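Proteins get letters first, then strands, A, B, ... in listed order; numbering begins at 1 in each. Atom set for the values below is all heavy atoms of this structure, side chains included, hydrogens, waters and symmetry mates excluded. As the structure is a computational prediction, the values presented were derived from the model and not from experiment.
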There are 2 protein chains.
Amino acid sequence: MKISFLGSGNVTHVLARMVHRTAHSIQQIICRRPGEVQQLASALAIPSVISFDEPVAIADIYIIALSDSALGSLHNIFSVNQGIVVHTAGAVGVDVLEKIGPETGVLYPFQSLRKELQQVPKIPFLVHSAHKETLHTLYSFAQDLSPLVEMCTDEERKKYHLSAVMSANFINHLLTLSFDYCKSEHINPGLLEPILKETIDRVKNIHPSLLQTGPAIRNDSATITMHEGLLASHPEMLGVYQLLTKSIHNYYRLRNIE
Amino acid sequence: MKISFLGSGNVTHVLARMVHRTAHSIQQIICRRPGEVQQLASALAIPSVISFDEPVAIADIYIIALSDSALGSLHNIFSVNQGIVVHTAGAVGVDVLEKIGPETGVLYPFQSLRKELQQVPKIPFLVHSAHKETLHTLYSFAQDLSPLVEMCTDEERKKYHLSAVMSANFINHLLTLSFDYCKSEHINPGLLEPILKETIDRVKNIHPSLLQTGPAIRNDSATITMHEGLLASHPEMLGVYQLLTKSIHNYYRLRNIE
């Protein structure tokens, strides 16, 4: 199939590299700032990069990789009469595309994508369309990109997106606070690497609630008080420490696992 | 050297397996419930497993792998006149051992250890002793167990322990809440695996504050409000969601990165 991309950001960069490896061809990239994808277009031999006021070529799938906020007004500057139009957003319904094309769907890469990545990570794709045939085409296309493909509704996709915010997104913030703390206390954050890897690896087989350790689940008030003392000069971390300690405490108290 | 262990828990199980692979020999395991280590003792051909009221053999290093709370009163049931006595605790000073033996130190495995693990994960060891020669012996012994060994003071070790609670421990709790949410909403938590792995992998080279994504850093109040709606029936998660959203917002607002 002929694939075109809208947008010049991380999603276009990573997905274009993935499409390039398949038998599908990339037809065109349409974006506000064509300069941002020139390097990508050269590397992948993409024949056409245009801005929104230039003529759009016919494609089988138009992959819209724009910010959530840009999706709502896209129909003012872009629409097609044929082909499948999909967006790639977790928290936006498919109906935002209704004025853009006759066949619409969603192709949501359930991963945190950055164009700088040397290697493309494993990416589950969540696909959706209200039209059975379109859904079938999208599912099959996604399978050419990744072995991990699931169909899900708009509502389910929003829940997936929320679960990724609650885990990956907030985990990244805990890492930020922890690494900053190490730096300000002159200890080596690199030593955390093995325990972080282990923490993620082992939940593949065991529910994390069976793996919880630390002072909060033990009700170890001496250690908690000591930690609060160490965090006296880090008020932002102290607030997070106290809330998550309380949340762990509540979780296991309610379940009588203690 | 001859190594003896005190305790029958996770730390004894994992460290004994590590010692077994070296040229050092395990002399004895001393614990309250010898039955709990019989399988380990058989597997590693450890010649003696005794309870605390039996005669203790002479060893070069006694590794105390008991709970923090048991360390304070250990001197009532155990002491030696020779050999190095170390504990393995992150949040307890070395002075808790002063009535137990003439040479004392700390050998802290900076990892979450579970005896069920098939493979021993990478373990950084943080070693400490007030005596230069003892510290040298412990450092060299730890290097026989792992390529990752650092010396640090009691104060530094407490900070390392806190950094692991803030990251690994709290991360595990976020995973618990996220997996529970997926289960209660009938979506597949297994699809989170790639994004979780990616989140941990990429902070090896880039500070996580440069990798933060999601609605909180974007000030995307439409998505945040939508997520709060989805969490209306999950009050424990909602509290955590709101605090961490606010913490991310504060962190980047204060740094003017937005």
Side-chain angles (χ1 to χ4, degrees), chain A residues 68 91 110-112 121-124 150 156 158-160 162-179 181-182 185 187 191-200 203-204 207-209 211-215 223 226-227 230 236-237 240-241 243-244 247-248 250-251, chain B residues 91 110-112 121-124 150 156 158-160 162-179 181-182 185 187 191-200 203-204 207-209 211-215 220 223 226-227 230 236-237 240-241 243-244 247-248 250-251:
Chain A
D68 291 7
F110 195 48
Q111 179 55 279
S112 181
K122 252 171 118 174
I123 306 179
E150 294 218 3
E156 286 166 339
K158 286 176 188 176
K159 289 173 181 176
Y160 274 113
L162 171 55
S163 74
V165 171
M166 269 303 284
S167 53
N169 217 244
F170 289 168
I171 285 173
N172 190 75
H173 186 55
L174 289 179
L175 295 176
T176 294
L177 296 178
S178 303
F179 285 23
Y181 174 77
C182 290
E185 299 293 336
I187 61 173
L191 290 187
L192 285 164
E193 194 183 306
I195 195 171
L196 295 174
K197 182 173 182 304
E198 177 68 12
T199 301
I200 299 297
V203 300
K204 286 175 196 167
H207 191 283
S209 66
L211 296 164
Q212 188 65 45
T213 59
T223 300
M226 189 263 283
H227 284 167
L230 289 173
E236 190 63 38
M237 264 186 80
V240 172
Y241 181 93
L243 178 107
L244 287 170
S247 177
I248 293 171
N250 289 345
Y251 185 93
Chain B
F110 195 49
Q111 181 54 281
S112 182
K122 251 170 119 176
I123 306 179
E150 293 218 6
E156 286 167 340
K158 286 176 188 174
K159 290 173 181 175
Y160 274 112
L162 171 55
S163 73
V165 170
M166 270 301 288
S167 53
N169 217 243
F170 290 167
I171 284 172
N172 190 75
H173 186 54
L174 289 178
L175 295 175
T176 294
L177 296 177
S178 303
F179 286 23
Y181 174 76
C182 289
E185 300 293 337
I187 62 173
L191 290 188
L192 285 164
E193 197 184 304
I195 195 172
L196 295 174
K197 183 172 182 301
E198 176 68 13
T199 301
I200 299 297
V203 300
K204 286 175 196 167
H207 191 283
S209 65
L211 297 164
Q212 188 65 47
T213 58
D220 177 354
T223 300
M226 189 263 283
H227 284 167
L230 290 173
E236 190 63 38
M237 263 186 83
V240 172
Y241 181 93
L243 178 107
L244 287 170
S247 177
I248 292 171
N250 289 344
Y251 185 92

Check against side-chain contact (heavy atoms from CB on, under 4.5 Å), A/Asn172 and B/Ile248:
CA-CA 10 Å; A/Asn172 190 75; B/Ile248 292 171; over 6 Å; no

Run the side-chain contact (heavy atoms from CB on, under 4.5 Å) check on B/Tyr241 and A/Val165 step by step: do they pass?
CA-CA 9 Å; B/Tyr241 181 93; A/Val165 171; 3.9 Å; yes

What verdict does the ring-ring contact (aromatic ring centres under 6.0 Å, His included) test give for A/Phe170 and B/Phe170, after you've listed the backbone C-alpha separation in whole Å, the side-chain angles of each residue and the deciding distance to 0.1 Å?
CA-CA 10 Å; A/Phe170 289 168; B/Phe170 290 167; over 10 Å; no

For a side-chain contact (heavy atoms from CB on, under 4.5 Å) check, start with the C-alpha distance between B/Met166 and A/Leu244, then their side-chain angles and the critical distance, and finish with the verdict.
CA-CA 9 Å; B/Met166 270 301 288; A/Leu244 287 170; over 6 Å; no

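Within the 4.5 Å cutoff, the side chain of B/Ser209 has no heavy atoms near those of the A/Leu175 side chain. Looking only at side-chain heavy atoms (C-beta outward), B/Pro194 and A/Pro121 stay at 4.5 Å or farther from each other. Proximity of A/Lys122 to B/Lys197: side-chain heavy atoms (C-beta onward) are nowhere separated by under 4.5 Å. Taking the side chain as every heavy atom from C-beta outward, B/Ser167 and A/Ile171 never approach each other to under 4.5 Å. Counting heavy atoms from C-beta on, the side chains of B/Thr199 and A/Asn169 never come closer than 4.5 Å.
A/Leu243 touches chain B through its side chain: at least one heavy atom from C-beta onward sits under 4.5 Å away, while N, CA, C and O do not. With a 4.5 Å cut-off on non-hydrogen atoms, A/Thr223 touches chain B through its side chain but not through its backbone. In this structure, the portions of A/Val203 lying under 4.5 Å from any heavy atom of chain B include both its backbone and its side chain. The parts of A/Gln212 that come within reach of chain B are both its backbone and its side chain, each placing non-hydrogen atoms under 4.5 angstrom from that chain. At a 4.5 Å heavy-atom cutoff, the contact between A/His207 and chain B is made by side-chain atoms alone. With a threshold of 4.5 angstrom between heavy atoms, B/Leu196 approaches chain A through its backbone and through its side chain. For B/Tyr181, the part lying near chain A is the side chain, with the backbone staying farther off; criterion is any non-hydrogen pair under 4.5 Å. For a residue to count as touching a neighbouring chain, one of its non-hydrogen atoms must lie under 4.5 Å from one of that chain's; by this rule B/Glu193 touches chain A with the side chain only.
If you take CZ on A/Phe179 and OG on B/Ser163, they are separated by 9.0 Å, rounding to the nearest 0.5 Å. Atom CD1 of A/Ile195 is separated from atom CZ of B/Phe110 by 6.0 Å, given to the nearest 0.5 angstrom. Considering OH of A/Tyr251 and OG1 of B/Thr176, their distance stands at 5.5 Å, rounded to 0.5 Å. Separation of atoms CD (B/Glu198) and CD1 (A/Ile123) is listed at 8.5 Å; rounding is to 0.5 Å.
In plain terms, the two heavy atoms of A/His227 and B/Leu162 that are nearest each other are CG-CD1, 3.6 Å. Closest non-hydrogen pair, A/Val240 versus B/Ser247, comes out as CG2-OG, 3.7 Å.
Not a single donor-acceptor pair under 3.5 Å links the side chain of B/Asn250 to the backbone N or O of A/Glu236.
With chain B as partner, the option from A/Ala168, A/Gly214, A/Pro215 having the largest number of non-hydrogen pairs under 4.5 angstrom is A/Ala168. Your options are B/Glu185, B/His173, B/Lys204, and the one with the most heavy-atom pairs under 4.5 Å with chain A is B/His173. For chain B, the option among A/Leu211, A/Leu191, A/Leu230, A/Thr213 with the highest count of heavy-atom pairs below 4.5 Å is A/Leu191.
The side-chain contact (heavy atoms from CB on, under 4.5 Å) test applied to B/Glu156 returns A/Ile187, B/Cys152, B/Thr153, not counting sequence neighbours.
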